[in-house]
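Written out below as structure tokens is the structure these notes cover.
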2 protein chains.
Amino acid sequence: MTVGPLLFKGCHPYGRCSHDWGMWMGGSELTNVRSPRVKAARRLTKRAFREQDRKFLAEGPQAVREALKLDGVTLELFSTAEAELRHPELITQATLQGVPVHRASGEVMSELSQTVTPQGLVAVCGLVHVPLEQALSGQPRLVAVLAHVRDPGNAGTVMRAADAAGADAVVLTDASVDPYNGKCVRASAGSLFHLPVTIGAPVGAAVRQLRERGLRVLAADGAGKHTLDDVDLAGPTAWIFGNEAWGLPEEILAEADDVVRVPIYGQAESLNLATAAAVCLYSSARAQRVP
Amino acid sequence: MTVGPLLFKGCHPYGRCSHDWGMWMGGSELTNVRSPRVKAARRLTKRAFREQDRKFLAEGPQAVREALKLDGVTLELFSTAEAELRHPELITQATLQGVPVHRASGEVMSELSQTVTPQGLVAVCGLVHVPLEQALSGQPRLVAVLAHVRDPGNAGTVMRAADAAGADAVVLTDASVDPYNGKCVRASAGSLFHLPVTIGAPVGAAVRQLRERGLRVLAADGAGKHTLDDVDLAGPTAWIFGNEAWGLPEEILAEADDVVRVPIYGQAESLNLATAAAVCLYSSARAQRVP
């Protein structure tokens, strides 16, 4: 059922009638996993359908909270009775924004959820990425470029680190993972909704635009000539991070202004992608702020 | 079957007869998933049996390579025919060390493997952790303490970052994840074999010992009064990292010399544990090295 903005006197402000706790006004919970509404949401777990429908799923209270902060992004919200009780503020907020809220049975939630232990909240959202030009408008000082990054958890974790480090944009080049993949959305912990994300640009085009806007383009690579400690990071910088298994290909290394490695002081062969990215981005953040 | 150090003239140096490529000398491959040898290894996927047998499994070429670098740690090696061809140097090395190498069928490997796409190599290893006193012997300058960290992937990733940042030891306090958990071993990418790891000490005891050895004990927490950018990290430092969901409890924060947060410059609520730990450890590594 759909909770509209219309509430009756004496009824609970987020649409559940306080006189009959546990029951929704004007409807009952979705229990049929084969209902068109559930199937329409469920298909968004597949990339092809996300692209076709131009929608994706944001799961869990944190992602839903951040999605609701952006006007018009949340299109529908599915919630279990239990999640309603735990997060009434999210239901209120959705209702106030005119977002249809559907009470879902545990079975329906399992169908929509992509986690082992569903937290009872799944939002259907409109795509949030922007064109490269728009992502780089203003005067970006710190940008993270993911080139051919394939693991959605890694991509999401880098987005979260980029957001935390105060980056102005995240660029996912062509052949990178879909940022709307459920794992990526979860790993980003809401950051997908926080900073401009752009997708699909070829690396070369992205590098050209970044440089035109006055950013120095640094490729992060274990084979870099310079280490993080001996490059000056005070100026506007774009970091390119490569694939988790094979790093950055020659042609991308050649495009960059410099190739920089995170120094390895111990016996580890390398750092994982998300860790290395966080260390690079925070080094930039620090250099840009601390005199 | 077991490949001993005895090789016949004209036979392949790592025990596979070159005259009958694909066949092992003196034996055939393990195909029975119920054989005692396979069952004895398989039970090491459970913590209780690891503790009882004082052994664990290290999976994949990287972990096996690093295990083989430590004398006497690798007790047995299971390998598929395909993995033999891909990593002959590991088989040679194991054989030279007198480590029994068992050729395993794909089915047996699937039984021993804890990954979705097994890479065909699993070593049975003896436990490598050391007592706290031993881990802190010498003059440690950088130590990572994991207090109540429960996620094995996070713990392994922090171990890897600690190793890369040149830390002298990793302390897993009581109520932390078992470092011999398959996911932790994999995420550590060999670092479990690189630096002294100690397990099971209560946080209080660990903090006391660290301080006695002249280390400043810093708790990493999002609620810290100081940020990474305004503490002096040049001296010997131990970082305490807490549980991924609820951070560090009050009593641990009270034990620390200071509570320090990674500054959040954007809208992210927090960083994930492994990312935050990497940023802290690298800040220390840099401050201890760069004048």
Side-chain angles (χ1 to χ4, degrees), chain A residues 62 65-66 69-70 141-142 153-154 156-170 186-195 222 227-230 261-291, chain B residues 62 65-66 69-70 141-142 153-154 156-170 186-195 222 227-230 261-291:
Chain A
Q62 187 179 33
R65 184 175 302 116
E66 301 310 303
K69 284 184 188 162
L70 293 186
R141 291 184 51 78
L142 184 57
N154 275 342
T157 305
V158 175
M159 262 186 230
R160 182 176 177 186
D163 179 14
D168 300 294
V170 171
R186 278 198 305 288
S188 91
S191 294
L192 174 61
F193 301 108
H194 291 162
L195 75 178
T227 80
L228 258 190
D229 297 340
D230 49 47
R261 66 188 150 87
V262 177
I264 303 285
Y265 299 116
Q267 295 178 64
E269 203 181 287
S270 64
L271 284 165
N272 83 3
L273 167 68
T275 308
V279 172
C280 292
L281 291 165
Y282 262 94
S283 290
S284 281
R286 183 195 171 91
Q288 292 183 354
R289 280 170 182 85
V290 179
Chain B
Q62 186 178 34
R65 184 174 301 117
E66 301 309 303
K69 286 184 188 163
L70 293 187
R141 291 183 52 77
L142 184 58
N154 275 340
T157 307
V158 175
M159 263 186 230
R160 183 176 176 184
D163 179 14
D168 299 293
V170 171
R186 276 197 307 286
S188 90
S191 293
L192 174 61
F193 301 107
H194 292 160
L195 76 178
T227 80
L228 259 190
D229 297 339
D230 49 49
R261 66 187 151 85
V262 177
I264 302 284
Y265 299 115
Q267 293 179 65
E269 204 181 284
S270 63
L271 284 167
N272 84 2
L273 167 67
T275 308
V279 172
C280 292
L281 291 165
Y282 262 94
S283 290
S284 281
R286 183 195 169 90
Q288 291 183 355
R289 281 171 182 81
V290 180

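Not measured: the values here are computed from a predicted model. Throughout, a chain's letter reflects where its sequence line sits, starting with A, and its residues are numbered from 1.
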Open item on the list: Determine whether A/Leu271 and A/Ile264 satisfy the following criterion, side-chain contact (heavy atoms from CB on, under 4.5 Å), listing intermediate values before the conclusion.
Closed with: CA-CA 8 Å; A/Leu271 284 165; A/Ile264 303 285; 4.3 Å; yes
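Interface residue B/Ser270: backbone and side-chain heavy atoms are both found under 4.5 Å from chain A. For B/Leu281, no part lies near chain A; criterion is any non-hydrogen pair under 4.5 Å. Both the backbone and the side chain of B/Ala161 come within less than 4.5 Å of a heavy atom of chain A.
When the candidates A/Arg289, A/Glu66, A/Met159 are compared by the number of heavy-atom contacts under 4.5 Å with chain B, A/Arg289 comes out ahead. Among A/Gln267, A/Arg286, A/Gln62, the residue with the largest count of heavy-atom pairs under 4.5 Å with chain B is A/Gln267. Each of A/Gly190, A/Ala165, A/Ser191 has some count of heavy-atom pairs under 4.5 Å with chain B, and the biggest count is that of A/Ala165.
A/Thr275 has its side chain out of reach of B/Arg160: every pair of non-hydrogen atoms, C-beta onward, lies at least 4.5 Å apart. A/Ser188 is not listed as a side-chain neighbour of A/Phe193, based on a closest heavy-atom distance of 4.5 Å or more. Counting only heavy atoms from C-beta outward, the side chains of A/Val170 and A/Val158 never approach each other to under 4.5 Å.
For the atom pair A/Leu228 CG and A/Ser283 OG, the distance stands at 4.0 Å (nearest 0.5 Å).
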